[in-house]
Undergrad: 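First the structure, which I've put down as structure tokens, then a few questions once you've had a look.
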Amino acid sequence: MKICDEARHILKQIAPEKRSDENVKLVCQNLVDTVPEFQDFPAYIQKSIVKRAYFQEFEPGRVIIRQNHRAYNYYFILSGIGLSKQNKNK
């Protein structure tokens, strides 16, 4: 999956509160076309996500979510691999 350069630019460079309706529309359409899971959300939720979303890149091995910690973000993995490791409670 690869989002187009323009959608990537919008999500990386334009602050969420400064995105135009046209920016949101372009990113929504691109995500619908490239991210199968994004299509599962109704259109109003897609728009809401794109109005708040930003694009992040992580180095291999970087922990982005920890078990039993409060989640503050929701992630779509556009490329690469996400691994899940379960902590064993003693």
Side-chain angles (χ1 to χ4, degrees):
M1 287 177 279
K2 182 169 173 26
I3 62 171
C4 72
D5 291 339
E6 189 172 1
R8 182 185 298 249
H9 169 79
I10 291 165
L11 293 172
K12 284 180 87 169
Q13 303 298 325
I14 301 176
E17 66 276 4
K18 295 188 177 187
R19 293 181 190 152
S20 68
D21 289 341
E22 192 59 37
N23 291 153
V24 172
K25 183 178 178 181
L26 183 143
V27 174
C28 277
Q29 186 58 55
N30 191 244
L31 289 173
V32 164
D33 293 343
T34 59
V35 181
E37 297 80 6
F38 196 72
Q39 297 173 30
D40 294 341
F41 296 103
Y44 77 96
I45 296 291
Q46 292 174 1
K47 190 174 183 180
S48 181
I49 290 169
V50 170
K51 284 182 175 182
R52 293 166 179 79
Y54 50 95
F55 188 91
Q56 290 183 294
E57 297 175 278
F58 299 100
E59 295 296 320
R62 169 76 156 56
V63 175
I64 59 171
I65 302 171
R66 291 190 185 277
Q67 183 176 333
N68 298 322
H69 286 219
R70 171 175 252 152
Y72 292 101
N73 297 301
Y74 187 92
Y75 295 92
F76 290 100
I77 298 175
L78 301 177
S79 66
I81 297 170
L83 299 176
S84 173
K85 293 182 181 179
Q86 186 172 6
N87 292 338
K88 295 182 178 163
N89 297 328
K90 295 181 180 179

Undergrad: Quick check for you: to the nearest 0.5 Å, what is the distance between Glu37 atom CD and Leu31 atom CG?
TA: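 If we round to the nearest 0.5 Å, Glu37:CD and Leu31:CG are 11.0 Å apart.
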
Undergrad: Can you sort out the partners of Ile45 under side chain to side chain contact (heavy atoms under 4.5 Å, CB included), two or more places apart, ordered by chain and number?
TA: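 Here the qualifying residues are Phe41, Pro42, Ile49.
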
Undergrad: To the nearest 0.5 Å, what is the distance between CG (Leu11) and CG (Leu78)?
TA: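 Going from the CG atom of Leu11 to the CG atom of Leu78 covers 9.0 Å.
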
Undergrad: For Asn30, which residues count as a side-chain hydrogen bond (donor to acceptor under 3.5 Å, both in side chains) partner, sequence neighbours excluded?
TA: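 Scan of Asn30 (side-chain hydrogen bond (donor to acceptor under 3.5 Å, both in side chains), adjacent residues dropped) gives none.
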
Undergrad: Is Ile77 reachable from Ile64 through a run of I, L, V, M, F, W or Y residues, each pair having side-chain heavy atoms under 4.5 Å apart?
TA: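 In one cluster with Ile64: Ile77, no.
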
Undergrad: Going by the rule ring-ring contact (aromatic ring centres under 6.0 Å, His included), which residues pair with Phe76 if we only count those two or more places apart in sequence or in a different chain?
TA: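 Phe76: ring-ring contact (aromatic ring centres under 6.0 Å, His included) contacts with Phe38, Tyr74.
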
Undergrad: State which residues pass side chain to side chain contact (heavy atoms under 4.5 Å, CB included) with Glu6; sequence neighbours excluded, sorted by chain then number.
TA: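 Partners of Glu6 by the side chain to side chain contact (heavy atoms under 4.5 Å, CB included) criterion, ordered by chain and then number, come out as Cys4, Ile10, Leu26.
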
Undergrad: State the CD-CZ distance between Glu57 and Arg62, to the nearest 0.5 angstrom.
TA: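 It is 12.5 Å, given to the nearest 0.5 Å.
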
Undergrad: Work out which heavy atom in Cys28 is nearest to a heavy atom in Val50; give both atom names and the distance.
TA: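 Closest approach of Cys28 to Val50, heavy atoms only: SG-CG2, 3.6 Å.
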
Undergrad: Mind jotting down which residue pairs meet the ring-ring contact (aromatic ring centres under 6.0 Å, His included) criterion with at least one end in residues 42-70? Sequence neighbours excluded, please.
TA: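 Residue pairs passing ring-ring contact (aromatic ring centres under 6.0 Å, His included), neighbours aside: none found.
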
Undergrad: Which atom names give the shortest non-hydrogen contact between Ala53 and Pro16, and what distance separates them?
TA: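 Ala53 and Pro16 have their closest heavy atoms at O-CG, 4.2 Å.
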
Undergrad: Per the ring-ring contact (aromatic ring centres under 6.0 Å, His included) rule, what does the pair list look like for residues 9-29, sequence neighbours excluded?
TA: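 Residue pairs with at least one partner in residues 9-29: there are none.
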
Undergrad: What pairs of residues pass the salt bridge (charged side-chain N to carboxylate O under 4.0 Å, His left out) test when at least one of them lies in residues 13-26, not counting sequence neighbours?
TA: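 Output for this query is empty, none listed.
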
Undergrad: Holding to side-chain hydrogen bond (donor to acceptor under 3.5 Å, both in side chains), I want the full list of residues that pass it with Lys51, two or more places apart in sequence or in another chain.
TA: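 Lys51 satisfies side-chain hydrogen bond (donor to acceptor under 3.5 Å, both in side chains) with no residue once adjacent residues are dropped.
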
Undergrad: What residues form a side-chain hydrogen bond (donor to acceptor under 3.5 Å, both in side chains) with Ser84, not counting sequence neighbours?
TA: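 Ser84 satisfies side-chain hydrogen bond (donor to acceptor under 3.5 Å, both in side chains) with no residue once adjacent residues are dropped.
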
Undergrad: Please round to the nearest 0.5 Å and tell me the distance separating atom CD of Gln39 and atom OG1 of Thr34.
TA: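 It is 9.0 Å, given to the nearest 0.5 Å.
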
Undergrad: Quick one: side-chain hydrogen bond (donor to acceptor under 3.5 Å, both in side chains) partners of Gln13, sequence neighbours excluded?
TA: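 Expected list: none.
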
Undergrad: Taking ILVMFWY side chains as joined if any heavy atoms are under 4.5 angstrom apart, and letting links pass through other members, which residues group with Val63?
TA: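 For Val63, no cluster forms, as it stays isolated from other hydrophobic side chains.
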
